[in-house]
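In what follows, a structure is listed as structure tokens, so that the remarks can point back to it.
Residue numbers start from 1 in every chain, and the chains themselves are labelled A, B, ... in the order their sequence lines are given, proteins ahead of strands. A quick note: this is a predicted structure, and the numbers were derived from the prediction, not measured.
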Amino acid sequence: MTVRTRFAPSPTGYLHIGGVRTALFNWLFARQHGGQFILRIDDTDVARNIDEALEPILDGLRWLGIDWDEGPGVGGPYAPYYQSQRSDRYAAAVEQLLASGHAYRDYATPAELDEERAAAQAAGKPFLYSRRFAAFDEATAQRYQAEGRAGVVRLKMPREGVLVIEDAVRGRVEFAWEREQDHVIQRADGSCLYHLATVVDDHDLAISHVIRAEEHLSNTPRQAFIGQSLGYPLPAFAHLPLVAEPGSRTKLSKRKLEKYLKNQDFKQVMDHGLKIAERIGLSPEADTFNPVIVDFYREVGYLPWAIDNYLALLGWSYDDKTEYFTREELIRCFSLERINSSPASFDPKKLWAVQDTMMVALPVDEKLQLMLPFLAKAGLLSDPPSPEAVATVREVIVAAGDRLKVAGDILVYADFFLMDEPPMDEAAVAKRLAKPGTAALLKAYAAAVATVDPFEPEPLEAALKQVVGDAGAKVGDLVHAVRVAVSGKTVGPGLYESLAILGREKSLARLTRALPLCGDG
RNA sequence: GGCCCCGUCGUCUAGUGGUUAGGACACCGCCCUUUCAAGGCGGUAACACGGGUUCGAGUCCCGUCGGGGUCACCA
């Protein structure tokens, strides 16, 4: 049997991190078995601007390297892959269900339904529709229609027996049929509902494995009933544990950003992203600038594989120690059997750590390619950038070393090399230049800088220690002052490396420029 | 509330009857130090509870408690 899996997003305008995990697992499973991974768009109930709402989702998946064999943009033998274009298939299925007696036309009004629901609740019983306004024959249907009632189509669910599902993650799960509602599958206007559409599509697209989040587990009986009634073989099911909120077991939701920001780890990731966004002219108010949404990570400069690798570990593990995988390794190692069944909370700190490890391991030139666009967006590079500027950035990347965690971090470490007169941070000036004697030290070091040869980190360091020693001062007094004088702020790559990159002329100019800012300057 | 799912360090997890209950992130401490979500070393920390079964239970069974999902003419 060919393995065919699918990810079926609804065009909502954003890619949720939990959705990515689902897509990833489907993709991994298909790739591992040499099967196909299909992208189908569940747009049965969405407004017209589908392209606009879909593009961010497709972009996100592409960025993450989750490629699809069939679906939007690539087509495929089972096209179309949009539910909105398959309605004739659903209508046919409804007719078939009606003809075989597995569904019926129903003419109850919403008010009448509410009444029944309320009565059941008052009696403390679970609600089950009485089928009071069901029309099992044409005459009845016409009578109701004559009354002006609008008819929907409902499933005629079995009222006894049990359904047994063999779930790849959860094992054997049983449901009593008598608890299942007669769900509506077609509206009065003829449009069809999700459950019907999904089952028909999964069958039509020859989906072999339905791998989805646990929230769909309780939807399985009605879908199994639809499939059975239509004569479809049941696909294999795997219900993934929910991706939960940081430090909680509740389903992660894009709408609860405010709440998550009270979590320190989450807030730290957000704030860090905000700082980068600010520099590249990104609106922090944007709906998608949210660590629950994939766009956030792309915009800030995370590595897509870090996201994939981290997410693979949410609800799945290979063994007791392996945590880092290449794409090929993950495809080889993945298995449904090793998926966990308990909810896994999203831990932004751990994601950060994975990102950190991968960024550190990235070759310098790859970092360079990743980081250049951020500098361009911040207006720190011309378009195209001059070879000199690119060379400088490369040197900064080497000097900054492990400090660059995401591509956007380059803004903090490289900006002052690329500016003619970097702004002086007031707090930094107050903290590092105010101390009496600083101006004299700076002046003395400037004199050394003017003659140091070669203009490299070691001699620059030796010269600084010499100046400090001669003045009877502490190394810290000068080091911090020089950093602020030269960069305008307190953080940056190693100081001597910074000076070397800056060059003698600029270093001197900045040292001189800072003199008047010193407390006793 | 009904139904269903879940329950090992704060978090992600390993563990398939016999382990000093392992790893990772976080956290704490120490060291290094010229900044830092830099680096090095070390440490604290878990089987929800109660009954069984068994020579032996984190692992099997039952119950309790706790958490979550779902109960739409949304997907």
So which protein nitrogen or oxygen atoms get under 3.5 Å of nucleotides 6-12 of chain B's nitrogens or oxygens?
from	atom 1	to	atom 2	distance (Å)
B:rU11	O3'	A:Ser345	OG	2.9
B:rC12	OP1	A:Arg249	NH2	3.0
B:rC12	OP1	A:Ser345	N	3.0
B:rC12	OP1	A:Ser345	OG	3.4
B:rC12	OP2	A:Arg249	NH2	3.1
B:rC12	O2'	A:Leu313	O	2.9

Which protein N or O atoms sit under 3.5 Å from an N or O of nucleotides 28-32 of chain B?
none

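Shown here are the side chain to side chain donor-acceptor pair (under 3.5 Å) partners of A:Glu337, two or more places apart in sequence or in another chain: there are none. Applying the ring pair (Phe, Tyr, Trp, His ring centres under 6.0 Å) criterion to A:Tyr90, with sequence neighbours excluded, gives no partner residue.
Both tests pass for A:Arg154 against the ring of A:Tyr129: distance under 6.0 Å to the centre and angle within 45° of the axis. In this structure, A:Arg40 forms no cation-pi arrangement with A:Tyr81, as its terminal cationic atom is not both closer than 6.0 Å to the ring centre and no more than 45° off the ring axis.
If you check every strand for non-hydrogen atoms under 4.0 Å, A:Lys125 touches nothing.
For A:Asn26 (side chain) and A:Ile211 (main-chain N/O), a donor-acceptor pair under 3.5 Å exists by modelled atom type.
Electrostatic pairing of A:Asp319 and A:Arg338 does not count as a salt bridge here, judged by no charged N lying under 4.0 Å from a carboxylate O.
Here A:Arg117 reaches the OP1 or OP2 of B:rA72: one of its side-chain N or O atoms lies under 4.0 Å away. Remark: A:Ser218 is not in phosphate contact with B:rC3, judged by side-chain N or O atoms under 4.0 Å from OP1 or OP2.
Taking atom C1' in both B:rU11 and B:rU44, one finds a spacing of 16 Å when rounded to whole Å.
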Just list the side-chain donor-acceptor pairs under 3.5 Å for residues 192-200 of chain A, sequence neighbours left out, or say none.
from	atom 1	to	atom 2	distance (Å)
A:His195	ND1	A:Gln223	NE2	2.9
A:His195	NE2	A:Arg222	NH1	2.8
A:Thr198	OG1	A:Tyr194	O	2.8

Legend entry - Under 4.0 Å protein heavy-atom contacts per nucleotide of nucleotides 37-42 of chain B, with B for base, S for backbone only and - for none: BSS---
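Taking for each of A:Ala353 and A:Arg338 the nucleotide of RNA chain B with the nearest heavy atom, the 5'-most of the two is the partner of A:Arg338.
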